[in-house]
Peer 1: 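A single structure is presented below for examination.
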Amino acid sequence: MGHYLSNIKANPHLNVFLEVYEAEALARAAEVDRKIAAGTQGRLAGMVVGIKDVISHRDHHLQAGSRILEGFVAQFDATAVQRLLAEDAIIIGRQNCDEFAMGSSNENSAYGPVRNAADPTRVPGGSSGGSAVAVQADLCLASLGSDTGGSVRQPASFCGVVGLKPTYSRISRWGLIAYASSFDTIGIISRSVADAALLLEVIAGPDEFDSTVSQRPVPPYSRQLQLDQKPRIAYITETVESTGLHEEVRESVLRNISRLKETGHQVEAVEFPLLAYVLPTYYILITAEASSNLARYDGVRYGYRHPGHDSLEGMYKKTRSEAFGEEVQRRILLGTFVLSADYYDAYYTKAQQVRRLIKERTDELFADYDFLILPTAPTTAFKLGENTDDPLKMYLADIYSVQANVAGIPAISIPAGTDRNGLPIGLQIMAKRFDEARMLAFAQYLMALNA
Ligand code: GLN
């Protein structure tokens with residue numbers, strides 16, 4: 001515990017934690033020590049975990065990286081948090097992130113950007129940037145983040161750590177601030193696949209507070225990390241041949257493909273022409289869902305309220321203009337547009353149809369293959385400020401990660417070397433729905449091949 005607390009104090013410039021629960025964490029550590037001495041400890045005894053500022057922890061501030069939730073205190077524990085605590089994990093603090101989890105670089109936080117510990121002039125990725133750097137810089141053992149379009153995997157890849165996004169509905173969303181509800185998942189960032197497996201095993205599964213959560217029993221992932229047979233693997237031609245892909249990221253993927261072949265695996269190229277439509281589909285649907293989910297922040301019920309005495313409508317407008325950042329406002333406007341009566345069919349309905357196609361075609365690939373491997377992101381960590389004046393360029397950071405969210409399948413990013421500047425490169429594995437156990441086993445195998 002002292003180790004993490006002193007690392008946190010030594011690294012304030014990384015801007016990872018919005019709040020550190022020092023006294024509370026120390027008290028809990030002492031309590032867990034007593035349980036260990038008595039032999040009554042839970043499965044996560046002493047695991048020090050940080051949580052992204054979109055996950056509710058009772059009696060603690062919760063702000064989604066936004067001014068609009070200024071002063072807001074959570075009234076209940078997210079199911080995932082409650083399950084961590086029940087198994088004696090220690091929650092060390094609340095981690096910085098892009099406002100409402102919208103972003104790919106952590107530059108959209110109202111509390112300043114997070115910096116990449118490999119090079120503090122560079123971004124950590126987003127939106128769970130604080131959660132990734134926390135693990136990268138050894139400020140905690142693991143983090144809970146959220147992944148709506150890549151927000152756990154892309155920062156994990158920029159920071160050289162493991163980022164797991166499970167199947168949609170595997171982990172209860174109770175207590176996760178809603179961004180785009182049909183895409184949102186809680187995800188795990190850790191150093192090892194084994195830690196991710198253990199945490200998933202604890203937090204996943206049925207929950208009476210989330211009616212969309214899967215009722216399937218949760219396998220003991222942490223005890224199933226051995227592959228039972230040689231998996232069949234594919235890679236998507238359009239990803240490795242893309243001109244937007246950095247050369248060294250491409251080399252890393254190709255190197256992994258040849259290592260797998262050398263170790264006797266069948267690895268085949270497949271085509272996925274719909275890839276070009278995945279990102280636009282994602283951005284139409286998530287802005288629509290976000291515009292609806294964020295309607296509740298009106299300055300009346302909680303959080304920030306414009307101080308002047310205006311008309312009710314004026315108060316709404318000023319509150320939302322003053323306290324939502326630029327990117328969040330952009331998405332509310334875009335989402336309102338795609339849902340507006342005149343454009344609903346052209347955008348929203350069309351995107352729903354394309355989503356279905358993408359999902360069906362993705363599922364078809366898993367009839368022939370166990371896993372798809374692809375880059376997590378097209379580049380390594382970019383410089384702070386490099387993409388901030390061009391939202392489209394920023395959105396391209398998600399080009400390979402959003403497919404898993406659009407299709408609802410599990411995916412994981414593992415470290416796969418560094419580029420010539422010493423910046424981490426991530427490799428992504430996608431699997432069919434609810435195949436986390438085998439995906440984790442394969443991830444562990446592949447990580448060892450990359451070590
Ligand atoms: N960067 C993507 C976005 O801004 C992903 C965000 C996320 O997964 N929360 O929408």
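Heads up: numbering here begins at 1 and tracks the sequence. In this text, all values refer to a predicted model and were calculated from it rather than measured experimentally. Counting starts at 1 for both ligands and their atoms, in listed order.
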Peer 1: Check the pair Tyr282 / Tyr395 against ring-ring contact (aromatic ring centres under 6.0 Å, His included), numbers first and verdict last.
Peer 2: CA-CA 10 Å; Tyr282 170 80; Tyr395 296 169; 8.7 Å; no

Peer 1: So that I can tick it off, tell me whether Arg438 and Asp370 are bridged by a salt bridge, with the cut-off set at under 4.0 angstrom between side-chain N and carboxylate O.
Peer 2: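 Arg438 and Asp370: salt-bridged.
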
Peer 1: Check whether any N or O atom of Lys52, backbone or side chain, sits under 3.5 Å from an N or O atom of ligand 1, and answer yes or no.
Peer 2: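 Among all N and O atoms of Lys52, none is under 3.5 Å from an N or O of ligand 1.
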
Peer 1: For ligand 1, which is the ligand I care about here, please tell me if Gly149 has any N or O atom under 3.5 Å from one of the ligand's N or O atoms.
Peer 2: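 Yes, at least one N or O pair falls under 3.5 Å.
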
Peer 1: Return the CZ to CG distance between Phe324 and Leu294, rounded to the nearest 0.5 Å.
Peer 2: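 Phe324 atom CZ to Leu294 atom CG measures 4.5 Å (nearest 0.5 Å).
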
Peer 1: Look at ligand 1 and say whether Phe183 reaches it with a heavy atom at a distance under 4.0 Å.
Peer 2: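 Phe183: no contact with ligand 1 (<4.0 Å).
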
Peer 1: Is it the side chain (CB and beyond), the backbone, both or neither of Arg331 that lies under 4.0 Å from ligand 1, heavy atoms counted?
Peer 2: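 The side chain, only.
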
Peer 1: Once you restrict to heavy atoms under 4.0 Å, what part of Asp398 touches ligand 1? Side chain, backbone, both or neither.
Peer 2: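 The part of Asp398 near ligand 1 is the side chain, not the backbone.
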
Peer 1: Quick one: look at Tyr395 and ligand 1, take heavy-atom pairs under 4.0 Å, and tell me if it's side chain, backbone, both or neither.
Peer 2: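 No part of Tyr395 comes within reach of ligand 1.
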
Peer 1: Name the orientation class of the two ring planes belonging to Phe209 and Trp174 (parallel below 30°, tilted from 30 to 60°, perpendicular beyond 60°).
Peer 2: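 Geometry flag for Trp174 against Phe209: parallel rings.
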
Peer 1: Check step by step if ring-ring contact (aromatic ring centres under 6.0 Å, His included) holds for His61 and Phe72.
Peer 2: CA-CA 6 Å; His61 286 279; Phe72 179 73; 8.9 Å; no

Peer 1: Run the contact test for Glu99 against ligand 1 with a 4.0 Å cut-off on heavy atoms, strictly below, and give the result.
Peer 2: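 Checking ligand 1 against Glu99, which is what was asked, there is no heavy-atom contact under 4.0 Å.
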
Peer 1: Would you call Glu241 and Arg250 a salt bridge, taking side-chain N to carboxylate O under 4.0 Å as the test?
Peer 2: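 Answer for the salt bridge query: no.
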
Peer 1: So, regarding Thr148 and ligand 1 (criterion: nitrogen or oxygen to nitrogen or oxygen, under 3.5 Å), is there a contact or not?
Peer 2: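 Looking only at distances, the answer is yes, because the N/O contact criterion of under 3.5 Å is met.
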
Peer 1: If we set the cut-off at 4.0 Å for heavy atoms, which region of Ala101 has an atom near ligand 1: side chain, backbone, both, or neither?
Peer 2: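 The answer is both, backbone and side chain.
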
Peer 1: May I ask you to check whether Gly103 has an N/O atom sitting below 3.5 Å from an N/O atom of ligand 1?
Peer 2: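 Right, the criterion is met.
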
